[in-house]
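Below is one structure; the comments refer to it alone.
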Amino acid sequence: MINVYTNRENYQYDLHALVKSFYPEHDVRVCAEQLLPRQTDKTVNKNIQEQDSTKQVIVHLADDSMKVVFDIDGRKEYSHTYENCTDVIKKECKLSLYHDLCDYTGKTLPWGNLTGIRPTKLAMGMVAEGKCDAEIVAWLKETHAVSDEKAYLSIDIARREKTILDRIHYEDGYSIYIGIPFCPTTCLYCSFTSYPIAAWRGRTGEYLQALFREIDFVAQAYKDKILDTIYIGGGTTTLAAEELDQLLQYIHDSFDYGHVTELTVEAGRADSITREKLEVLKKHGVTRISVNPQTMKDETLKYIGRQHTVEQVRDAFRLAREAGFDNINMDFIVGLPKENIDDVRATMEAAKKLSPDSLTVHSLAMKRAARFRMVPEDYEGMEMSNSWDIIDLTARYARDMGLAPYYLYRQKNMAGNFENVGYAAPLKAGLYNILMMEEKQPILALGAGSISKQIYPDGHIERCENVKDVAQYIARIDEMIARKKALFAQWRETL
């Protein structure tokens with residue numbers, strides 16, 4: 001455990017993210033202390049020393065200076081002076097801390113001090129302003145210490161995103177996410193809202209009826225807006241074929257599809273994909289599906305809690321092609337337990353033979369709600385490794401498959417400052433994914449555990465959450481609708 005102490009409460013997230021990026025193997029805890037040292041350089045707050053004198057970081061900000069003390073692998077102190085230490089120059093303090101960590105650890109990070117989940121968003125804004133590549137690269141390096149490689153990757157993705165998003169209705173448009181919170185089993189690392197389908201077999205109709213009521217409200221409230229994309233995620237194909245048919249028909253009957261550019265369905269796990277279900281998806285005009293193996297190693301699939309095999313993945317992919325789908329995405333995770341770079345290479349080779357139209361490579365992020373975190377004694381000694389060599393390997397394979405990066409994001413608790421990248425063939429990029437990352441239009445999210453985002457004209461974002469528990473979602477559906485109604489009314493007042 002590394003304890004980080006600061007006297008600025010609103011710096012806690014940045015401090016946690018930066019220290020965690022340099023020390024991914026450690027748990028990091030940040031505490032805002034009122035009595036941090038204002039004494040001489042040789043003294044630190046006695047209370048802090050008594051709490052943990054082994055591994056700690058102290059960041060103290062005065063009106064015009066910042067003092068940093070590292071005591072993790074030996075003690076070292078740094079001092080910085082500024083014109084003032086208000087939030088206006090918070091970025092300068094963060095950059096100073098990043099350089100201190102580089103000096104203390106002897107290593108740098110490809111993304112520099114960028115710790116947010118959307119590191120390419122800055123480049124996107126500068127591209128929209130008409131900045132040239134050289135200006136953007138210079139600014140990213142000077143302001144955030146981003147490497148040349150990641151700066152140019154940001155620009156590449158930003159320009160590709162802009163081309164795709166130019167056809168979207170920013171002011172009058174919106175997109176819909178519909179969550180199906182059921183799965184055959186819960187994976188080791190999963191923190192999403194999901195319930196074993198076996199426990200809800202025969203009762204999924206109750207969930208759909210509640211979902212239909214939420215659909216009714218959104219369809220009426222946004223009837224004068226343009227629907228651009230629809231994304232149905234989660235364990236969609238755990239539903240029976242007739243339930244899928246009912247759901248897709250209800251969505252089609254409720255909304256105007258006149259401007260819908262993309263209708264994506266997460267077909268999900270191979271053991272829940274059937275020819276009949278794929279035919280239902282095709283019948284309702286689904287344009288893009290995702291077949292998500294995560295790895296093409298049977299031993300890992302079993303270990304992480306998946307019941308399907310690699311051969312079933314191949315069979316499901318072939319079934320989707322036979323059903324006529326020409327835009328199939330595959331999701332993979334690197335950094336899975338007991339896998340090394342050779343295992344990732346084998347997975348990429350298997351994917352290359354299938355030739356998906358897009359590929360999403362996730363770096364493992366262990367969330368607090370994941371089974372691994374909740375029952376750690378069951379996974380004692382479990383080894384997980386990821387590296388920039390692995391990230392570079394997946395990027396090379398994507399390029400060899402004719403796929404270019406089109407969106408990138410990171411997650412909280414993602415060790416090592418790594419990234420998730422979506423690659424796609426020309427005209428096969430997932431539009432909804434870009435809209436989620438760039439936050440250019442409202443996303444109305446329906447179903448248990450989903451979070452809606454309302455985008456205001458000035459860029460301000462308001463969120464509205466649905467309860468995660470399926471039974472609670474059904475019982476409290478009127479409340480979920482009331483939450484959206486309040487969000488919608490508040491947004492309308494600003495127009």
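In this text, all values refer to a predicted model and were calculated from it rather than measured experimentally.
Other residues, nucleotides and ligands place more than 12 heavy atoms under 6.0 Å from the NZ atom of Lys107. Dense packing is recorded around CD of Glu322, with more than 12 heavy atoms of other residues, nucleotides or ligands lying under 6.0 Å away. Crowding of Lys223 atom NZ: a count of heavy atoms from other residues, nucleotides or ligands under 6.0 Å not exceeding 12. Within 6.0 Å of NZ in Lys131 there are 12 or fewer heavy atoms belonging to other residues, nucleotides or ligands.
Defined by atom type and a distance below 3.5 Å, a donor-acceptor pair is missing between the side-chain atoms of Thr394 and Tyr423. Looking only at atom types and distance, the side chain of Tyr250 has a donor-acceptor partner in the side chain of Asp216 under 3.5 Å away. For Tyr473 and Glu214, the side-chain atoms include at least one donor-acceptor pair closer than 3.5 Å. Looking at Asn329 and Thr360, their side chains do bring a donor and an acceptor atom within 3.5 Å of each other. Residues Tyr407 and Glu438 bring no donor and acceptor atom of their side chains to less than 3.5 Å of each other. Side-chain atoms of His99 and Asn113 include no donor-acceptor pair closer than 3.5 Å. Thr237 and Ser272 share a side-chain donor-acceptor pair at under 3.5 Å. For the residue pair His169/Asp228, the side-chain donor-acceptor check at 3.5 Å is satisfied. Side chain to side chain, Ser147 and Lys141 fail the donor-acceptor criterion of an N or O pair below 3.5 Å.
By the 6.0 Å and 45° rule, Lys484 does not stack over the aromatic ring of Phe217.
His144 has its ring centre less than 6.0 Å from the ring centre of Trp139. Between Phe488 and Tyr222, a ring centre-to-centre spacing shorter than 6.0 Å is recorded. Taking the six-membered ring where the residue is Trp, the centroids of His252 and Tyr257 are separated by under 6.0 Å.
Under a 3.5 Å cut-off, the side chain of Arg345 and the backbone N or O of Leu393 do not form any donor-acceptor pair. Listed for the Gln454 side chain is no donor-acceptor partner under 3.5 Å among the backbone atoms of Pro442. A donor-acceptor pair under 3.5 Å links the side-chain atoms of Gln441 to the main chain of Ser175, judged by distance alone. The backbone N or O of Val310 lies less than 3.5 Å from a partner atom in the side chain of Asp298, making a donor-acceptor pair. Between the side chain of Asp357 and the backbone N or O of Ile328, at least one donor-acceptor pair lies under 3.5 Å. Not a single donor-acceptor pair under 3.5 Å links the side chain of Ser290 to the backbone N or O of Ala267. In this structure a side-chain-to-backbone donor-acceptor pair under 3.5 Å is present from Ser363 to Glu419. Panel note: side chain Asp331, backbone Gln294; no donor-acceptor pair is recorded below 3.5 Å. A donor-acceptor pair under 3.5 Å links the side-chain atoms of Arg160 to the main chain of Pro405, judged by distance alone.
The aromatic rings of Tyr177 and Tyr231 lie parallel to each other, their planes meeting at an angle below 30°, with 60° marking the opposite boundary. Classification of the Tyr456-His460 ring pair by plane angle, with boundaries at 30° and 60°, yields tilted.
The residues Asp400 and Arg396 are annotated as not salt-bridged, no charged nitrogen and carboxylate oxygen being separated by less than 4.0 angstrom. A salt bridge is absent between Glu339 and Lys297: the closest approach of a Lys/Arg side-chain nitrogen to an acidic carboxylate oxygen does not fall below 4.0 angstrom.
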